[in-house]
2 protein chains.
Amino acid sequence: MVPKSSSPKRSMSLEDIAARAGVSRSTVSRVINNETYVSEHTRRQVLAVIEQVGYAPNPAARALATQRNNTIGLVIPQVPLVLFEDPYYFPTLLQGISRIANAHDFALVLSLGDSDMDEARFARRIIANRLLDGAIIASAAPDTPLIPRLLEADMPFVLVERPGQESDRISFVTIDNVEAASHVVRHLIALGRRRIGLITGHLANTDAQDRLKGYRQTLDEAGIGADNNLIATGDFSYRSGYDGMRALIERRVDAVFASNDITARGALQALHDAGRRVPDDVAVIGFDDLPTATQVTPQLTTVRQPIEEKGAQAASILLDFIEHGCTTACRVVLPTELVVRASCGAASAQVRKAS
Amino acid sequence: MVPKSSSPKRSMSLEDIAARAGVSRSTVSRVINNETYVSEHTRRQVLAVIEQVGYAPNPAARALATQRNNTIGLVIPQVPLVLFEDPYYFPTLLQGISRIANAHDFALVLSLGDSDMDEARFARRIIANRLLDGAIIASAAPDTPLIPRLLEADMPFVLVERPGQESDRISFVTIDNVEAASHVVRHLIALGRRRIGLITGHLANTDAQDRLKGYRQTLDEAGIGADNNLIATGDFSYRSGYDGMRALIERRVDAVFASNDITARGALQALHDAGRRVPDDVAVIGFDDLPTATQVTPQLTTVRQPIEEKGAQAASILLDFIEHGCTTACRVVLPTELVVRASCGAASAQVRKAS
DNA sequence: TTAATTTCTGAGAGCGCTCTTAGAGCGCTG
DNA sequence: CAGCGCTCTAAGAGCGCTCTCAGAAATTAA
């Protein structure tokens, strides 16, 4: 694009509108901010001028006067984790956040951690640069310096996963990963599986930790007992699913719970390459219900989590804090759903039991 | 989080720093903006105070005074297209943009088109709200009202795909989709394939149009001739790959070029379900070189495009426009690379020829 | 030594808004 | 008809910066 450099097009100010409408700056301001005590006649007149010249208030001036930018940030200290291991997660979350931000006329700024920048500097930058009225934090390591700093700076924020340390000053929206994982395991047990393996997610992540916890608890409670040999440490990646599954095949598992769908895809591939049948030899269940879950053979049984809703809720809470001040931390736990497809063998379960 | 509502922590201003350093506001400003004509002694002193109190200038005040926000936007009028059909594309692009924006101390604002909002309103909003110094446009329909409006408003912008209408006022960075597609087809021809099908991308997208064009041209030039019966219209989705491939199987293709890797995955599945062997019966080539390309069987031959680089270049150009003004539109065409793996049958080509 | 130049610093206006304050106009009440 | 409250409007200060301008101090030139 090539703006004509000659363009002296200085955009309209409140003053200009006021002059054209024959009123004062204050009155125009009142109209724009939809305040009371403006006569209907004046209001119409001013609105007509605004409409006609296509005026919109200067956000910088407004921010300076109000000490608010009408801006929230999505802050991702560790980019690779959330951006790439679960490719649909991020765009979906973003869409939820964006929807709410748009509705409130807030701009959404994206702050991605940079490999050139340590997290402390990153945090300092986010806060010192008072561009953001609040932040949604995704994929923060439990010990990230960001959170204490945000607290210290009194900057409103909401996490989209369970925080590492409990605190009544940290708001978050999450799902019940423990229960969801438990559901998966109970489902597999009900289908007659006994040697149930787990491929964990990145254990710096509380979601991954909780899924592990739910898995353990449930096996213990069922009297089967969690067996560390059946737990392969992964990191939410395809590769870790593949490698983890290869290890678990050696351990003769008859089922595996993969901590996300990407990992599950890796596991499926490993099983395929090893000549194992799914679900007959090994049942597989994933997590997330990505579009790809239905694009593999057999189709993947998985846990659906409301990601868009997660983003939307986080944004709503944050905006509420910003607009109304907040008195108490807010925790939201969204429901999940086990989506039963072919890979867990629910369809062929009767057959198994009979044999 | 719960900010203590009691906190009257009014953050530092230039004036405060000036007072503490025993100099004037102007001098502090000069130090911060790294201007000349400040004595080394004063500079040190001021910097010490700034460091000590952790001061950072208020971006709103600065924006008001300079008429610049130090902010660029990534604008995506049609979210689903770029966000979901190619899950890795968007995060990768974003990372490239973010890297450059960070380096220049520009904030990155994300403007996603909203289903509740028609594109004209969306465009008006972007421009009227002068929050952005410039924009990177992704996944804009060729006839989007956004572009004429940006031109009209003299707002710097860069597209990350070839614009619909050529204009010497539109800057963009792209890849040579025509040539890349041509390369794919030539490769298949060289491998002895003759009935080469195409599953197109979303044809509202210029990338998709250009890949179609390259496909057509090359077949014509090779004397084989493009056959409309071998062209299935798709939309970059897995589904359209699956359905397109089913149609093309009927047409007895011996190779297929899928307009992206997602589509290619759908095609592979359709071939698998139909009992066709890849590459023996049908060779498959995709586009993008997503991580998933190596996660399918057989591994996918595909065209690699430098997506991160695309984002980085677009951001660099845009920032150059913003910081130095721009005199002439800038077009960048980045190179692509054909990544040969198993799905095109290059390995087994000798065998084919012999038989 | 004085004039001219260069280096450094501070004062002050202004960016475009919001918000407080004060005052004008109006219909009521007593 | 004085007094009150209500609705409406304008004036003006101030948000925290930048930038121009002018003047002081230091340096060089004449």
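Sequence lines set the chain letters: A, B, ... in the order given, protein chains first and strands last, and positions in each chain run from 1. When reading the values below, keep in mind they use all heavy atoms of this one structure, side chains included, and skip hydrogens, waters and symmetry mates.
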Calculate the interatomic distance between A/Leu14 atom CG and C/dC15 atom P; express it in whole Å. 13 Å
How about A/Glu161 and A/Thr206: does a side-chain donor come under 3.5 Å of a side-chain acceptor? no
Length of the CG-P vector between B/Asn34 and D/dC17, whole Å: 17 Å
Between P of D/dT18 and CG of B/Asn70, the distance in whole Å: 11 Å
Should the pair B/Arg125-A/Asp105 be classified as a salt bridge under the 4.0 Å nitrogen-to-oxygen rule? yes
In whole angstrom, give the distance that lies between atom CD of B/Glu35 and atom C1' of D/dT18. 8 Å
Has B/Ser29 got a side-chain N or O lying under 4.0 Å from the OP1 or OP2 atom of D/dC17? no
Looking at B/Ser13, does any N or O in its side chain come under 4.0 Å of the phosphate oxygens OP1/OP2 on D/dG16? no
If each of B/Arg30 and A/Arg30 is mapped to the nucleotide of DNA chain C with the nearest heavy atom, which maps nearer the 5' terminus, i.e. the 5' end? B/Arg30
Distance-only polar pair, side chains of B/Thr27 and B/Ser24, donor-acceptor under 3.5 Å: yes
Flag the pair A/Arg149 and A/Glu119 as a salt bridge only when some basic side-chain nitrogen lies within less than 4.0 angstrom of an acidic carboxylate oxygen. no
Taking atom C1' of D/dA13 as reference, at what distance in whole Å does atom CG of A/Leu64 sit? 13 Å
Go through the N and O atoms of the side chain of A/Arg130 and the base of D/dG16, and report whether any donor-acceptor pair is under 3.5 Å. no
Start at the 5' end of DNA chain D and walk down; is the nucleotide closest to B/Asn33 or to A/Thr27 reached first? A/Thr27
Describe the nucleic acid contact of A/Thr36 in one word from base, sugar-phosphate, nothing, applying a heavy-atom distance below 4.0 Å. nothing
Using whole Å, what does the distance between atom P of nucleotide C/dG10 and atom CZ of B/Arg25 come to? 11 Å
Interatomic distance, B/Arg44 CZ vs C/dC8 C1' [rounded to whole Å]: 17 Å
Side chain of A/Ser39, heavy atoms from C-beta onward: which of C/dT9, D/dC8, D/dC17 has the nearest atom to it? D/dC8
Look at B/Gln67 and D/dT18 and indicate whether a side-chain polar atom (N or O) is within less than 4.0 Å of OP1 or OP2. no
Just to be sure I understand the rule, does A/Ser26 reach a base, reach only the sugar-phosphate, or reach nothing, if contact means heavy atoms closer than 4.0 Å? base
Applying side-chain contact (heavy atoms from CB on, under 4.5 Å) between A/Phe157 and each of A/Ile137, A/Leu146, A/Ile126, report the one that passes. A/Ile137
Whichever of B/Thr66 and B/Val23 has the more 5' nearest nucleotide on DNA chain C, that residue is B/Val23
What's the OH-P distance between B/Tyr37 and D/dA22, to the nearest Å? 17 Å
